[in-house]
Amino acid sequence: MSDNSYLKDLILLRNDPSKVGAVREAAERGEVDAQYALGLIYAEGRGVTIDLAQAHYWLSLAVEQGDADADLLRNIVGSQMTDDEYAAAKRLRAGASLRVIGGS
């Protein structure tokens, strides 16, 4: 991973929801470090409620860009997920694919 402020600032995100929006915006633009960071944010509940489906989703996007650290964390998150959470993560991935195909 590159040396990016999203990762440096994670320590500050422990209980600060105001910082999550900027990371989300960068993740939505496709920035791999922000996708990893957002996956970690959701996995650990840093400024948000823990959401393993969201964590898995964002980490999967980072994995697709070749982030090996995201792959390791996604495996840990996956091992903690219920069947319902995994199904929710799959729905998120399917929705993202449809948006890309539809161009919106």
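Taken from CD in E31 to CD in E25, the straight-line distance is 10.5 Å, to the nearest 0.5 Å.
Of all heavy-atom pairs between A34 and A26, the closest is CB-CB, 3.5 Å. The shortest heavy-atom contact between L52 and E85 is CD1-OE1, 3.8 Å. Residue V77 comes nearest to A43 through the heavy atom pair CG2-CB, 3.8 Å, listed as atom of the first residue, atom of the second, then distance. Considering every non-hydrogen atom in both V48 and Y42, the closest pair reads CG2-CD2, 3.7 Å. When all heavy atoms of Y36 and D67 are compared, the pair lying nearest together is CB-OD2, 3.9 Å. Residues A55 and G39 share a closest heavy-atom pair of CB-O, 3.3 Å.
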| request: Verify side chain to side chain contact (heavy atoms under 4.5 Å, CB included) between Y57 and K90, making sure each step is shown before the conclusion. | output: CA-CA 8 Å; Y57 168 73; K90 285 178 68 173; over 6 Å; no
| request: Let me see the working for V32 and L61 under side chain to side chain contact (heavy atoms under 4.5 Å, CB included), right down to the final yes or no. | output: CA-CA 8 Å; V32 67; L61 294 179; over 6 Å; no
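You'll find the side chain of R74 stays beyond 4.5 Å of the side chain of W58, heavy atoms only. No side-chain heavy atom of H56 sits under 4.5 Å from any side-chain heavy atom of L59.
Within the 3.5 Å criterion, the main-chain N or O of A27 finds a donor-acceptor partner in the side chain of Q35. For the pair Q54 (side chain) and A89 (backbone), a donor-acceptor distance under 3.5 Å is absent.
Residues L72 and L40 do not share a hydrophobic cluster, clusters being chains of Ile/Leu/Val/Met/Phe/Trp/Tyr side chains in contact below 4.5 Å. In the hydrophobic clustering of ILVMFWY residues, with side-chain heavy atoms under 4.5 Å counting as a link, V63 and I76 come out apart.
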